[in-house]
Amino acid sequence: MDWLGLHFITELPDSGQVILHCTHDPILVLVAYLVACAAGFAMLDMAERVGHVEKSAARRLWCWTGAACLAGGIWAMHFIGMLAFEAPIQIHYQLPVTLLSLLFALLASYLAMHTLSHPQLSLRQYLQAATCIGLGIATMHYVGMVSMQSDAVAYYHPALFIASIVIAIGAALAALLLSSHLRDGSGIFHQLLKYAASLVLGAGIVSMHFTGMAALNLILPADVPLTLPADNNHLQLGLMVAMIVLLIIGSSISAALADKKLQNKERDLRRVNALLSQLDQARMSLQQVAHYDALTNLINRRGFNQIFAEKLIEKTNEGGKLAVMFLDIDHFKRINDSLGHDAGDELLKVLASHIKSSVRSHDDVVARFGGDEFCLLISLDNHDEARHMAQRIMHKLKEPIELAGRRMVMTTSIGISVFPEDGSTCEELLKNADLALYQSKGSGRNGLHFFSSNLKTRATLEFQLEEELRHALREDAGLMLYYQPIYDLKRGQVTKVEALVRWEHPVHGLLAPERFIAIAEANGLIAELDLWVLRKACEDLGTLTTAGYDELHIAVNCSPLNLARPELADEIELALRKSGVAAHRLELEVTENALMGNIANTLVLLRQIRALGVSLSIDDFGTGYSSLAYLKRLPLNTLKIDRSFIQDIPKATQDMEIVQAIIVMAHTLHLQVVTEGVETREQFEFLERFSCDYVQGYLLSRPLPLTELTPALEEINQRKQPHTVNPLSLARGTGSPGSPDPFPGSPDSHAGASIVRPIR
Ligand code: C2E
Ligand code: CA
Ligand code: CA
């Protein structure tokens, strides 16, 4: 078989001379081997790069770089190998053919690199690729041989020729398998393995070449004389080619190394970035938890304070007003108590969204401080804007809400403070808005109040009063009881007195309960105060019994807050036992609103109290719900018609009808009726005419201290039929009879009068 002047598997010619003395320059052989090893190493390195780069353009680049290194290496090894070949003939090389051989090397190398760019291949695929690559390299070798021009003809030993191809395929397979195996990994051991593998690959490539060379027989025609090998520069040329190729390979490997480092750095950077963004997310969700209210998704107190502080700095620097608006849903507790907390939560969500939808822009802040308390922060130009917004919110919140199958209408109390007028710090503005809210709640709820400086002085005063009340209770100093007679119209005498608390304040003088009951209620002192009154009243009743009033009953007021204390029944029992007073002589006055809170629990407590023998009276009837359905269920004895129904009688005919109706209704329910605030004779006669059972009021007597009570009782009771005498004379209490007083409420008309004057 002849190919381009090379004779494969062809019998040697009969004539001619076989050149036997063919040698190789050992230095160049060694250099060729080193170059082959370097090519092998470059391939392993580039395969690793190709396997690890992420972008396809980079993968292609390293594929070609690897192919160029490998091809350059193999080709140079072959070239140097040829230069190492020494024979006693003149040899020269054809450059174009040599370059053609380089092309084959490049094709084979690219195929190798391309194969390695696939992450996973089967052994069969590796075998196929190795065969192609091996054949490519062999082709390169034998094309290279074609470029060798001399007088001799090249004949190839068939077995060695085939062996050289098999070795090329074997070396290619080894290269592929080692490369794919060593593609992943790191560390010194991995690097050492790569060096070892490069030596093996170098050996494979070199073996192929020298097996091919061994297969070569140069036959010189008989007429051509042998020549001595001329001096040549093969060594220098070989070394130079080696140097160039090694330089190329070396710089490619360095570039790969740099790229690897860069990529690692990029990856690290990305990882750091990912970690940072994870951290950011974690921080944000922490912020969400820390600064937002989970139920309504509004910001919470902490978040609000942060924004508030920022806005305050902004307004301080740039000017402008800021309103702090405190919102409290009226009687929200009742929803929780009656419909349960889930319904309460639902309602809060709806209310929160109503509030949010009522504010003007993103600039306004809506926060939930907990419970039913909301707080708003609004940038504005004048007070009216805040008022309009508050009114808008109140209006919006009044829209009926469907909840647990019911339609409910909620109202709101609002307190507003404005920066810079009402304070310069967050704390101050919040406190002042709270004070204004307190004012709104105090004046019947469902309203809005702006903070004013008298509110502040009042608050300070209130705080002081609270401290002093605490002290008064602890030391039992200053508190005292006044008693107001309750006249039995049927029996024509006083059969009951109502105990009304007073406080002889060291600075402000005698204080009426309306000055300190609310303070006691707001600060957890009311239980103690009412207990003090209860004990004192029982004790005084004991004294009155000794003085001969053994049938007199005493009525004691009970704060709504005390009805939530189950221990109240025991306290009453103990007070009665200690004073030795019969239970039926004690009456407890509770307001109707107090009974509506948690009716189930209140009922249990009221029944316990009734079971002791103590009477129960519903106070201020007509000012609250006045629900007959509730009244029927309660174990009541007496109903007290509120003063407001009587004060305009006889002028207000409607009030007269109402009072008549209440009396009839109460009697139907077997309740006795007391009418409070009876100040005139007409009122007295009207009540008597319509079968009211008892009357209480300044007409008969103002509340009196115990020492003044007995003479007053004496005086009233002496009149068997008080309406036959001028009852106004009785209004003077211990004062001289017979001088009518048309204004019994005037401060100087009686010792008790000054006490109802609020402190200024
Ligand atoms: P109340 O239970 O409705 O007591 C009746 C109030 O009406 C008393 O005011 C009494 O002085 C006043 N009053 C009686 N007759 C007349 C009248 O003819 N004309 C007018 N204008 N007023 C009259 P006071 O003593 O100032 O008590 C006010 C409220 O303070 C009481 O209203 C009661 O709710 C509360 N209170 C009084 N003592 C206690 C107590 O010991 N404990 C509790 N929790 N509250 C008390
Ligand atoms: Ca009362
Ligand atoms: Ca009353």
Side-chain angles (χ1 to χ4, degrees), residues 469 473 479-487 496-503 510-522 525-538 540 554-563 565 568 575 586-594 615-624 638-649 673-684 687 694-705 727-728 730-733 741-747 749-759:
L469 182 62
L473 277 165
L479 289 171
M480 53 180 68
L481 284 187
Y482 273 45
Y483 294 96
Q484 186 175 32
I486 299 175
Y487 187 78
K496 277 197 249 190
V497 287
E498 179 176 2
L500 295 158
V501 71
R502 280 17 179 180
W503 180 15
L510 198 61
L511 295 183
E514 63 187 20
R515 276 307 288 123
F516 58 92
I517 293 288
I519 294 176
E521 283 182 333
L525 296 171
I526 193 66
E528 219 179 314
L529 176 71
D530 276 1
L531 187 60
W532 181 89
V533 171
L534 180 72
R535 284 180 185 150
K536 181 79 178 131
C538 289
D540 287 351
I554 214 160
V556 171
N557 290 285
C558 174
S559 160
L561 297 182
N562 272 337
L563 287 184
R565 295 174 54 243
L568 181 66
L586 179 68
E587 187 168 289
L588 210 63
E589 293 192 3
V590 291
T591 57
E592 42 177 344
N593 286 358
S615 302
L616 285 174
S617 159
I618 188 152
D619 205 355
D620 303 341
F621 186 79
T623 55
T638 309
L639 183 152
K640 292 186 85 171
I641 300 177
D642 191 65
R643 197 165 66 229
S644 55
F645 290 98
I646 208 79
Q647 64 195 15
D648 294 329
I649 289 177
V673 181
V674 180
T675 308
E676 320 178 283
V678 179
E679 294 182 354
T680 67
R681 188 177 173 168
E682 288 88 343
Q683 291 166 351
F684 184 95
L687 291 166
Y694 299 90
V695 287
Q696 176 183 359
Y698 292 170
L699 178 72
L700 289 145
S701 170
R702 287 174 177 271
L704 302 166
L728 291 182
L730 296 170
R732 297 180 59 80
D741 180 1
F743 303 106
S746 60
S749 67
H750 188 269
S754 63
I755 56 164
V756 288
R757 188 179 61 218
I759 51 168

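Computed from heavy atoms alone, side chains included, the values below leave out hydrogens, waters and symmetry copies. As the structure lists them, so they are numbered: ligands from 1, and atoms in each ligand from 1. This structure is a prediction, so every number in the text was calculated from the model and none was measured.
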### Short N/O/S contact of D642 with the Ca ion (ligand 3) (below 3.0 Å)
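Coordinating: no.
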### Query
Is the distance between the Ca ion (ligand 3) and the nearest N/O/S atom of E589 smaller than 3.0 Å?
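Checking the Ca ion (ligand 3) against E589, no N, O or S atom falls under 3.0 Å.
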### Task
May I ask you to check if any N/O/S atom from N557 comes under 3.0 Å of the Ca ion (ligand 2)?
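Given the 3.0 Å cut-off, N557 counts as a ligand of the Ca ion (ligand 2).
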### Task
Check whether any side-chain N or O of Q683 sits under 3.5 Å from a backbone N or O of T680 as a donor-acceptor pair, and report yes or no.
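Yes: the side chain of Q683 pairs with the backbone of T680.
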Atom indices of ligand 1 within 4.0 angstrom of [X] heavy atoms, with elements:
X: P703; value: 11 (O)
X: E498; value: 2 (O), 4 (O)
X: E679; value: 17 (C), 18 (O), 19 (N), 20 (C), 21 (N)
X: V501; value: 38 (N), 39 (C), 40 (C), 41 (O)
X: Q484; value: 10 (C), 14 (C), 15 (N)
X: D620; value: 3 (O)

#### Entry: Ion pair check, E676 and K640, cut-off under 4.0 Å
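Yes, this pair counts.
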Student check: side-chain heavy atoms of [X] and [Y] closer than 4.5 Å:
X: L700; Y: V678; answer: no
X: P703; Y: R502; answer: yes
X: V673; Y: F621; answer: no
X: L529; Y: L473; answer: yes
X: T591; Y: I618; answer: no
X: L500; Y: L481; answer: no
X: E587; Y: V556; answer: no

Of the listed options [options], closest to [atom] (non-hydrogen atoms):
atom: atom 16 (C) of ligand 1; options: F516, Y482, W532, Y698; result: Y698
atom: atom 42 (N) of ligand 1; options: D530, L700, I646; result: D530
atom: atom 35 (C) of ligand 1; options: A499, S701, A512, P513; result: P513

### Side-chain donor-acceptor contact under 3.5 Å, Q696 with K496
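No, no side-chain donor-acceptor pair sits under 3.5 Å.
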### Message
Just by distance, no angles: are the side chains of E521 and S559 close enough, under 3.5 Å, to form a donor-acceptor pair?
### Response
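The answer is yes; a qualifying pair exists.
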Check [X] against ligand 1 and report side chain, backbone, both or neither, counting heavy atoms closer than 4.0 Å.
X: R502; result: side chain
X: I517; result: side chain
X: V533; result: side chain
X: V678; result: backbone
X: D619; result: side chain
X: K640; result: neither
X: E676; result: side chain
X: V556; result: neither
X: Q696; result: neither

### Identity of the N, O or S atom of D620 lying closest to the Ca ion (ligand 3)
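This turns out to be OD1.
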### Message
With carbon and hydrogen excluded and only N/O/S kept, which atom of D619 is nearest the Ca ion (ligand 3)?
### Response
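Nearest N/O/S atom of D619: OD1.
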### Task
Determine which of the N, O or S atoms in E498 is closest to the Ca ion (ligand 2) and give its atom name.
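Answer by atom name: OE2.
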### Task
Check the pair Y482, M480 against side-chain contact (heavy atoms from CB on, under 4.5 Å), reporting the backbone distance first and the verdict last.
CA-CA 7 Å; Y482 273 45; M480 53 180 68; 3.8 Å; yes
### Query
Is there a heavy atom in E514 that sits closer than 4.0 Å to ligand 1?
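Judged by the 4.0 Å heavy-atom criterion, E514 does not count as contacting ligand 1.
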